[in-house]
Every structure is written in C-alpha cells, then in structure tokens.
Novice: 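One structure, pasted below without further comment.
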Amino acid sequence: MRTLTELDLPRDETRRNQGDAPLARETVDPQGGAGTSRAHESAVKHVTGRAAYIDDIPSPAGTLHLALGLSPVAHGRLTRLDLEKVKAAPGVVDVVTLADVPGHTDIGPVFPGDPIFADDEISYLGQCLFAVAAESHKAARLAVEEAVVEIDEQTASLDPVAAAEREDFVRPTHVHERGDWQQALAGAPHVLEGEQFVGGQEHFYLEGQACLVLPTEDEGVMVYTSNQHPSETQKLVAEVLGIPFHAVTMEMRRMGGGFGGKETQASPWACIAALVARRTGRAAKIRLPRAEDSRATGKRHPFHNRYRLGFDDQGVLAGGEITVIGDCGYSPDLSDAIVDRAMFHSDNAYSLGDARVTGQRARTHKASNTAFRGFGGPQGMMIIERAMDDIARHLGEDPLTIRKRNLYRQGRDVTHYGQRVEQLGLLHDLVAQLEASSDYWGRRREIAAFNAQSPIVKKGLALTPVKFGISFTVQHLNQAGALLLVYTDGSVMINHGGTEMGQGLHTKVCQVVARELGLDLERVRISATRTDKVPNTSPTAASSGADLNGQAARDAACKLRERLFDFAAAHFDREAGGLDRESMRLEDGHLVAGIGEAERRIPWGELVQAAYMGRVSLSEKGFYATPLIHYDRATGRGRPFYYYAHGAAVAEVEVDTLSGEYRVSRADILHDVGDSLNPAIDIGQIEGGFIQGMGWLTSEELVWNDAGRLVSDGPATYKIPAFGDLPETFNVALLQGHPNSQASIYRSKAVGEPPFMLAISVWSALRDALASLADYRLSPALDTPATPERVLMAAEALRQAHDAPTTRPDHAPA
C-alpha cells in the first residue's frame with residue numbers, strides 16, 4: 001500500500017471533472033523542492049489521527065482544568081459577584097477575577113478596550129467574569145454554576161447602522177477620496193444607488209480555542225497554544241503576569257483550523273491559564289466547549305454597505321460614493337485594519353473613477369468581531385459586485401459585459417487610494433480565458449431558453465473577478481525571521497515565525513529550503529513555531545505566510561549555502577588548486593563544481609561533515625521585510641499592497657422560486673498564483689476557500705435574539721457547507737504564464753485569502769436566476785447569507801413588481 005506522499009498527484013488534468021482548462025504543469029523535480037506538487041507534510045498524520053493538537057498533548061500530573069464564568073446579559077453593570085460557593089465547590093483549587101491579575105488587565109491587541117475579566121461594565125453576553133481551576137474539567141464546570149451574579153441589565157445596542165447614526169464608533173471614521181466625485185455624479189447620464197446587509201461568519205474551526213500552560217523556573221511559563229500569533233500572545237501573557245517577555249515561551253505545532261479566529265482571540269485564554277499556572281505552581285489547561293467558544297469570541301464583521309454611482313450609456317463608471325459600516329462588536333480588536341481593507345477592496349477589480357469611499361466602525365454589544373479569511377476584503381467587494389449587477393439590469397446588458405467594461409485598464413489603472421494596478425493584461429487574459437473555457441456565452445443562451453419555458457425553477461449564471469491586495473496594511477507586520485539548522489548527518493531543521501493551520505505553510509517553507517540546498521524534501525523538517533527560536537514574529541494572516549516566511553527561510557539557506565561554497569573552495573582538492581567557486585551549485589544531494597569532464601560531485605553529507613570538522617557554522621538565521629509598501633493614513637493615499645492576486649469564477653445555480661431552495665450545479669475557477677510553490681496545495685486552498693466563501697454567502701447565518709444572545713452557537717443551529725453542498729461539476733485550474741511581477745518568493749503569489757471571494761459568483765448567480773422572474777429588467781435585493789428564506793422573499797418581491805413572462809424576452813441577456 002502506498003503512502004500519501006507516494007500517491008500520484010494531478011499534473012495535466014483538472015483537479016475535479018469536466019473542465020477544459022488544464023491544471024498547472026508541475027516542474028520536473030523529483031526532490032520535491034518549491035514549484036512542485038507534494039503532499040502536505042502532515043497529511044498522513046491528519047488522515048490517520050496521529051497529528052497532535054493541544055488536547056492531544058499528555059497533561060502533566062496535577063494539571064488543573066479551567067472553566068469560565070460568562071456574563072448572561074449583553075449590557076449592564078455588574079453589581080454583585082459572589083464566588084464563595086464556587087471556591088467551596090468539590091475539586092476547586094483556585095478562582096481568579098480581575099483583582100487577581102498582577103500586571104496589565106487590558107489585553108487589547110492594538111488598542112485598549114479588552115479587559116481580561118469584566119469588572120464593572122458588561123459589554124456583551126459571553127464576556128468573561130471569572131475563571132475556575134479544578135482537579136477535573138467536570139468539577140470546574142459544575143463549580144461555575146455556583147456563582148452568584150447580579151447585573152443591572154441595560155438595553156443592548158445590536159444595530160450597527162443605528163450606532164453609526166449616533167456616532168458610536170470603536171475607532172474614528174476613515175475616508176479615501178480621489179478626484180471630484182460629486183461632479184462625476186452630477187455629470188453622469190445615469191445614477192444608481194443601493195444598499196445591502198452582508199452577514200458575518202463563525203470561524204467554526206474543528207479545534208476550538210485551547211491551550212496548556214506549564215509553570216517554569218524563574219517565574220516563567222511554557223505555553224502550548226492553538227494560535228496564529230504566538231508573539232503577541234507571548235507579549236500579553238508576560239504583561240498580565242508582570243514578567244519579562246523572555247520568561248514566556250510559546251509553542252505552536254499545528255492548529256485544527258484558524259481562519260483568523262486565533263489571530264488575536266487565542267490570547268485571553270492563554271493569559272487566564274498562565275495566571276492560574278503561576279498562582280498555583282501547577283499546569284493549567286483550558287478548552288472552550290463549542291457553544292461557549294461561539295458566544296465568547298468574535299466573528300467575521302457583518303457589514304452594511306451603500307453605494308451611489310454614476311455611469312455612462314455603456315455602463316462605464318464615472319464615479320460616486322461608497323460607504324461601508326462594519327459591525328465591530330464592543331471593542332476595537334482589529335476593526336481599524338479590517339474596515340480599512342474593506343475600503344481598499346470596495347473597487348474589487350474595477351476602476352471607480354472619481355470616488356469617495358467612507359469606512360465606519362460601529363460599536364455594538366456583541367463579542368468583538370475579529371479577523372476572518374479575507375479580513376474585510378470580501379465584505380468590501382460585495383457592494384461593487386451588487387452595483388455591477390444593478391447597472392447591467394438597468395441598461396439591459398449581461399452583467400459580464402458590464403464587468404469587463406469596468407475592469408482596470410490603461411488610463412484607468414489607479415485605485416481610489418492612489419496605488420497603480422500592475423499586470424493589467426493578466427486580469428483581462430484571466431477573465432477571457434475563463435469566459436472561453438467555461439463556455440459562458442453558450443451556457444447563457446441555454447439558460448435563457450430554459451428560464452423562458454420553466455415558470456418555477458430558474459437557472460442563473462455569473463462570472464465574477466477578484467483583485468486582492470497582498471500585504472499587511474500595517475507596515476511593520478510585513479517582516480519575518482527564520483532559523484536554519486544543519487546537523488552533521490546532513491538532516492536539516494528549519495523554524496520560522498509562521499504557524500500551520502492546515503494551509504500547507506510548513507510544507508512550502510520546507511520546499512523552499514530543499515530547493516536552495518539541492519536536497520530531497522524528506523531531508524528537511526520543521527518542528528514547531530516557537531518564540532524562543534524565532535522572536536518578534538508577525539501573525540500568520542493577510543495571505544502573507546509563504547511570502548514572508550518563505551523569503552526568510554530562503555535568506556537563511558542562501559547565506560548558509562554561500563558559506564559552504566566558500567569553505568569547499570578552499571578545502572577540497574587543495575593540490576589541484578581547489579574547486580571552481582564560481583561554478584558551484586547544490587543539486588541532487590551533492591555539491592557540484594565544474595562543468596563537463598571537469599565536474600566534481602561531493603555528497604551533501606560529506607560536505608557537511610567536512611565543514612563541521614573545519615569549524616564552519618552550520619546554522620544560520622534569515623530575515624525578510626517586504627519592500628515598496630507604504631500608506632499615509634492622514635491623506636488616505638499610498639501603496640498598501642506589494643502586489644495583487646487575481647482570480648475569476650463562473651457559478652451556475654438552479655433555484656426553486658416557490659420554496660427558495662437552490663443548488664450550485666457547476667463552478668469553474670481560474671486563479672492566479674504566479675509561479676506556484678506547490679500546485680497541489682494551491683488547488684486545495686482554492687477549492688476550500690471557494691466552499692468556505694459559498695457558506696458565508698448562502699447558509700451560514702448568525703442570529704442574535706433581542707437580548708443580545710447568540711442563538712446560532714453550534715452545528716444544530718449554524719449550517720456550514722457539507723459534502724453534499726459541493727457543485728456537481730467543480731473545475732479548478734491555475735493561470736499559466738503570468739509570474740508575479742514583483743520579486744516574491746520564486747515569483748509566486750499568495751493563495752490563502754483570494755480564493756474565498758470567488759464565491760461571490762454564487763451570490764451573483766442567485767441574483768441572476770431571480771432576475772429572470774422580471775424579464776431581467778429588475779435587479780433583486782438579496783442580502784447575505786442568501787438563505788432559502790431570503791431567496792424566497794426576493795422572488796416574491798420580484799413577482800409583485802413584475803409578472804414573470806412565459807417566453808424569453810427580446811432584451812434578456814444573450
């Protein structure tokens with residue numbers, strides 16, 4: 001039986017079925033270096049259950065188990081917190097509140113506003129009031145129920161639009177403005193306006209928030225955590241305990257999913273467990289049950305978006321204004337940057353012309369919303385994609401025609417925040433290739449004919465592009481470090497600051513090192529992300545994991561390689577004058593010098609042994625900082641992104657307009673990853689991102705009751721996509737012949753977040769199907785998630801506005 005690492009991976013066919021566009025041809029490299037398809041480094045462990053997560057780590061003897069006391073109301077004043085019965089409960093060893101914190105009590109990641117425990121004001125239902133440490137998890141949970149909690153409940157603010165109207169913001173409003181947008185509106189032959197609600201999303205990682213903390217010598221702690229930003233958690237734990245950063249060590253081998261939910265919101269639980277571990281001198285473990293995890297942690301920001309845009313008779317934008325209002329929850333968390341990114345992406349792939357984009361950050365009495373795959377970008381793109389559909393219906397054109405006319409192009413290649421869009425030809429080629437390979441126009445004619453004779457079931461089709469900026473919009477986060485260790489048997493260990501959450505980052509970094517050192521991939525290994533190996537790291541977020549950490553690992557490998565070359569040139573064949581330094585290279589596990597008959601090959605192991613005996617260092621650190629990027633927040637102008645990643649998707653849906661039920665029958669995707677680091681992993685990321693985005697836009701509905709309680713707090717009430725929700729035909733291909741124009745790692749492009757927004761095509765296809773009920777004259781209002789209930793209501797609204805025809809109208813898209 002072959003292992004997964006031995007399985008044949010797809011080369012010249014699509015990943016799934018029936019597509020015409022070929023998969024990226026992988027580089028011929030039996031060693032498995034960067035640029036080739038190789039299985040995920042933990043794939044076998046994943047499928048056999050041997051991959052260890054936080055709850056799988058054997059707990060030391062005497063480990064205490066933690067449970068949390070959470071607020072039962074969304075807003076009010078804490079008037080009484082009596083924990084005497086809690087302390088006396090069986091098995092309880094310690095109970096901690098805000099008064100027991102020796103250091104900082106506010107653990108806001110960027111701006112203050114996140115107390116580790118509530119003291120007076122209650123800001124959301126699920127806010128942590130206290131923690132119990134007991135001999136067992138059951139004992140801790142039972143003890144929590146003994147608390148006497150009295151709160152003077154007040155009316156909860158749950159509407160971000162109302163909060164924005166009364167200027168209740170967690171951070172100031174920000175504006176991008178380019179040109180005379182008011183004159184553009186006044187002079188435009190056509191002006192449309194619209195608004196939409198874009199729902200949030202629960203991260204629903206398979207591994208919930210969890211950590212294990214061990215007390216160490218010198219008042220320190222060792223923290224095992226499921227965490228996307230170990231360095232920030234290290235900082236916060238140290239500040240809460242009042243100890244130096246070097247006394248706190250974080251270790252993170254892998255996460256069972258993160259998606260942004262563990263960038264900032266893994267920190268509170270580590271801080272609480274560390275507090276208990278230091279107070280008691282015993283290991284402390286916390287694992288949040290699913291319902292508590294859902295109530296106590298933030299989600300993807302829901303948004304309320306509005307547009308007012310002017311355009312000509314061809315549907316080409318002249319300009320206008322867009323407003324995005326993010327529902328931030330009770331505190332800033334990362335909302336400043338998230339709403340910024342929504343603003344940056346409110347153009348998606350289209351030139352807005354002269355435009356003003358305004359971003360508001362509304363405060364509500366909910367858990368502080370946080371990072372989620374796309375980081376505000378998807379919410380920002382939704383409003384312009386609605387506008388493209390609306391303009392098409394207004395003019396009687398096909399939405400794809402309007403989209404193509406508005407793509408960034410020569411003379412219209414500068415964004416509303418002042419960054420020039422490069423690789424314009426790539427974007428147009430990508431859309432044209434997918435348009436042809438998916439047979440968009442042939443299917444459009446077939447769908448129009450079907451809808452003309454089918455009064456109940458309607459089909460819809462949409463092609464939507466993606467232009468997504470790659471870099472942290474906070475400049476200083478665009479840096480990474482790595483530590484490379486070569487042992488005397490020739491095996492290699494690489495550590496870097498990125499974290500593995502299933503996306504294949506560790507695999508790609510190992511491939512980078514293998515490529516630079518000319519080694520088989522099996523000789524390179526990563527142990528875990530640790531703050532005592534690579535310090536001061538950035539979060540694994542913003543799709544920058546491979547870009548940053550791959551470059552840092554490459555820097556270390558290149559420096560070590562050059563050192564070995566210098567040594568070899570002087571050490572080997574001294575009698576013959578030494579090896580030719582200029583011709584040296586590492587390949588196939590050998591140092592190779594010379595050409596043709598003069599070629600000399602020295603095995604890697606022999607080279608390493610000789611270097612060790614020659615007292616040459618076999619370790620190296622690497623570092624990388626992204627060049628070119630800058631952004632002036634005062635003017636709202638700059639280059640916040642190193643480059644853009646592009647993609648496009650065609651989605652086809654079938655809708656039962658009497659029930660609102662629907663299915664996605666086919667999806668075709670063509671995505672730009674530059675020169676791929678690992679085509680197999682990249683295609684997997686594209687597939688997963690598309691399906692997760694489809695869930696966000698169709699089935700995943702967050703529901704709070706009037707008291708501010710999240711009622712969709714588990715799989716019984718919150719529906720993520722399942723296997724049966726996948727399109728029957730699902731074609732995914734990588735764009736060929738367009739390496740990154742910037743000097744990224746081997747001219748590749750990021751692939752973590754951009755595919756998520758390809759799912760907007762599904763939402764647009766649903767609107768297309770509904771529009772057929774009104775002869776394609778009206779553009780339906782369809783908020784997200786577009787659940788069957790919302791689809792049904794949209795269908796009823798269209799029927800009331802226009803009687804559905806029984807034959808295909810002359811002006812229907814062709």
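Sequential numbering from 1 along the given sequence is applied to the chain's residues.
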Novice: Run the side chain to side chain contact (heavy atoms under 4.5 Å, CB included) test on I151 and T79 for me, step by step, so that the C-alpha distance in whole Å, both residues' side-chain angles and the decisive distance to 0.1 Å come before the verdict.
Specialist: CA-CA 5 Å; I151 299 173; T79 58; 5.7 Å; no
Novice: Is it the case that S226 and E207 place a side-chain donor and acceptor less than 3.5 Å from each other?
Specialist: yes
Novice: Answer yes when R254 and E500 have at least one side-chain N-carboxylate O distance shorter than 4.0 Å, and no when they do not.
Specialist: no
Novice: Check for me whether K299 meets the cation-pi criterion with F372, that is, NZ or CZ under 6.0 Å from the six-membered ring centre and within 45 degrees of the ring axis.
Specialist: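 So K299 doesn't make the cation-pi contact.
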Novice: In the structure I gave you, are the side-chain heavy atoms of D547 and I470 within less than 4.5 Å of one another anywhere?
Specialist: yes
Novice: Indicate the ring-plane relationship of F197 and H304, choosing parallel, tilted or perpendicular according to the 30° and 60° boundaries.
Specialist: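 Taking H304 first and then F197, their aromatic rings sit tilted (interplane angle of 30° to 60°).
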Novice: Between E165 and P160, is there a donor-acceptor pair closer than 3.5 Å when you use the side chain of the first and the backbone of the second?
Specialist: no
Novice: Nearest 0.5 Å please: distance from the CD atom of Q265 over to the NE2 atom of H229.
Specialist: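 One finds 13.5 Å between CD of Q265 and NE2 of H229.
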Novice: Could you walk me through whether H174 and F169 pass the ring-ring contact (aromatic ring centres under 6.0 Å, His included) test, one step at a time?
Specialist: CA-CA 11 Å; H174 188 44; F169 300 127; over 10 Å; no
Novice: Please report the C-alpha distance between H496 and K533 in whole Å, then the side-chain angles of each, then the deciding distance to 0.1 Å, and finally whether the side chain to side chain contact (heavy atoms under 4.5 Å, CB included) criterion is met.
Specialist: CA-CA 8 Å; H496 59 90; K533 287 193 174 182; over 6 Å; no
Novice: Distance only, no hydrogens: is a donor on one side chain within 3.5 Å (strictly under) of an acceptor on the other, for S527 and N495?
Specialist: yes
Novice: Run the numbers on R300 and H203 for side chain to side chain contact (heavy atoms under 4.5 Å, CB included), then give the verdict.
Specialist: CA-CA 8 Å; R300 177 186 296 279; H203 299 88; 6.0 Å; no
Novice: Can you tell me how far the CG atom of D706 sits from the CG atom of L158, to the nearest 0.5 Å?
Specialist: 7.5 Å
Novice: Looking at CD of E202 and OG of S712, how far apart are the two atoms once the value is rounded to the nearest 0.5 Å?
Specialist: 8.0 Å
Novice: Is the backbone N or O of M501 less than 3.5 Å from a side-chain atom of Q503, with the two atoms forming a donor-acceptor pair by type?
Specialist: yes
Novice: Quick one: which residue pairs count as a side chain to side chain donor-acceptor pair (under 3.5 Å) with a foot in residues 144-154, not counting sequence neighbours?
Specialist: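 Sorted result for residues 144-154: R80-E150.
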Novice: How would you list, by chain and number, every residue that makes a salt bridge (Lys or Arg N to Asp or Glu O under 4.0 Å) with R363, sequence neighbours excluded?
Specialist: D168
Novice: Once salt bridge (Lys or Arg N to Asp or Glu O under 4.0 Å) is applied, do any residues pair with E701, and if so which ones, sequence neighbours excluded?
Specialist: R790
Novice: For D94, which residues count as a salt bridge (Lys or Arg N to Asp or Glu O under 4.0 Å) partner, sequence neighbours excluded?
Specialist: R279
Novice: Mind checking side-chain contact (heavy atoms from CB on, under 4.5 Å) for E135 and listing every partner two or more places apart, or none if nothing turns up?
Specialist: L64, V93, R282
Novice: Any side-chain heavy atom of Y631 within less than 4.5 Å of one from Q475?
Specialist: no
Novice: Show, in sequence, the C-alpha distance, side-chain angles and deciding distance for E753 and S543, and conclude whether the side-chain hydrogen bond (donor to acceptor under 3.5 Å, both in side chains) test is met.
Specialist: CA-CA 6 Å; E753 292 170 301; S543 302; 2.7 Å; yes
Novice: Tell me if a side-chain donor or acceptor on H630 pairs with a main-chain N or O of G638 at a distance below 3.5 Å.
Specialist: no
Novice: Return yes if some donor-acceptor pair links the side-chain N/O of Q479 with the main-chain N/O of H476 below 3.5 Å, else return no.
Specialist: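 Yes, because the side chain of Q479 sits within donor-acceptor range (under 3.5 Å) of the backbone of H476.
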Novice: Kindly state each residue pair satisfying ring-ring contact (aromatic ring centres under 6.0 Å, His included) with at least one member in residues 238-281, sequence neighbours excluded.
Specialist: none
Novice: What residue among D293, D55, D56 forms salt bridge (charged side-chain N to carboxylate O under 4.0 Å, His left out) with R287?
Specialist: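 Single salt bridge (charged side-chain N to carboxylate O under 4.0 Å, His left out) partner of R287 among D293, D55, D56: D55.
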Novice: Distance check, rounded to the nearest 0.5 Å: L548 atom CG versus S538 atom OG?
Specialist: 6.5 Å
Novice: List in chain and number order the residues that pass side-chain contact (heavy atoms from CB on, under 4.5 Å) with T105, two or more places apart in sequence or in another chain; answer none if no residue qualifies.
Specialist: L98, V101
Novice: Donor-acceptor pair, distance only, cut-off 3.5 Å: does the side chain of T540 make one with the backbone of G545?
Specialist: no
Novice: Could you tell me the separation between the SG atom of C211 and the CD1 atom of I272, rounded to the nearest 0.5 Å?
Specialist: 8.5 Å
Novice: So does E219 pair up with R278, basic N to acidic O under 4.0 Å?
Specialist: yes
Novice: Give a yes or no on whether the backbone of S331 and the side-chain of S368 come within a donor-acceptor separation of less than 3.5 Å.
Specialist: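 Flag set: sc S368 to bb S331 pair under 3.5 Å.
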Novice: Please confirm whether the backbone N or O of V534 pairs with a side-chain atom of T537, one donor and one acceptor, at under 3.5 Å?
Specialist: no
Novice: Given 3.5 Å as the limit, does a donor-acceptor pair link the side chain of D333 with the main chain of T264, or not?
Specialist: no
Novice: Between Q551 (side chain only) and Y624 (backbone N and O only), is there a donor and an acceptor less than 3.5 Å apart?
Specialist: no
Novice: Identify each donor-acceptor pair in which a side-chain atom of residues 335-343 lies under 3.5 Å from a protein atom, sequence neighbours left out, and give them as a table.
Specialist:
| from | atom 1 | to | atom 2 | distance (Å) |
| --- | --- | --- | --- | --- |
| S335 | OG | H301 | NE2 | 2.7 |
| S335 | OG | P332 | O | 3.1 |
| D336 | OD1 | R361 | NE | 2.9 |
| D336 | OD2 | R171 | NE | 3.4 |
| D340 | OD1 | R361 | NH2 | 2.5 |
| D340 | OD1 | R633 | NH1 | 3.2 |
| D340 | OD1 | R633 | NH2 | 3.4 |
| D340 | OD2 | R633 | NH1 | 2.3 |
| R341 | NH1 | G469 | O | 2.8 |
| R341 | NH2 | S471 | O | 2.5 |

Novice: Which of these passes side chain to side chain contact (heavy atoms under 4.5 Å, CB included) with C271: T233, V213, L236, V223?
Specialist: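 Of T233, V213, L236, V223, side chain to side chain contact (heavy atoms under 4.5 Å, CB included) with C271 is met by L236 alone.
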Novice: Please verify the inter-ring angle class for F344 with Y417; under 30° counts as parallel, over 60° as perpendicular, anything in between as tilted.
Specialist: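 Aromatic pair F344/Y417 classed perpendicular.
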Novice: Any pair with a residue in residues 527-547 that passes ring-ring contact (aromatic ring centres under 6.0 Å, His included), sequence neighbours left out, goes on the list, sorted by first then second residue, please.
Specialist: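 Every candidate ring-ring contact (aromatic ring centres under 6.0 Å, His included) pair involving residues 527-547 fails, so no pair, neighbours aside, qualifies.
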Novice: Any side-chain donor paired with an acceptor under 3.5 Å for Y330 and D114?
Specialist: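 Judged by distance alone, the side chains do pair up.
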Novice: Can you say whether the rings of Y718 and F204 are parallel (under 30°), tilted (30 to 60°) or perpendicular (over 60°)?
Specialist: parallel
Novice: Could you check T358 against V324 for side chain to side chain contact (heavy atoms under 4.5 Å, CB included), going step by step and ending with a plain yes or no?
Specialist: CA-CA 6 Å; T358 303; V324 296; over 6 Å; no
Novice: What pairs with D106 under salt bridge (Lys or Arg N to Asp or Glu O under 4.0 Å), at least two apart in sequence or on another chain?
Specialist: none
Novice: Taking T216 for the side chain and V221 for the main chain, is one N or O donor matched with an acceptor at less than 3.5 Å?
Specialist: yes
Novice: Cationic tip of R709 within the cone over W704's six-membered ring, i.e. under 6.0 Å and within 45° of the normal?
Specialist: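 The answer is no, since R709 fails at least one limit relative to W704.
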Novice: Apply side-chain contact (heavy atoms from CB on, under 4.5 Å) to T784 and list each qualifying residue two or more places apart in sequence or on a separate chain.
Specialist: V198, M382, L697, W763
Novice: Nearest 0.5 angstrom please: M222 CE to L214 CG, how far?
Specialist: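 If we round to the nearest 0.5 Å, M222:CE and L214:CG are 8.0 Å apart.
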Novice: What pairs of residues pass the salt bridge (charged side-chain N to carboxylate O under 4.0 Å, His left out) test when at least one of them lies in residues 365-376, not counting sequence neighbours?
Specialist: D327-K366
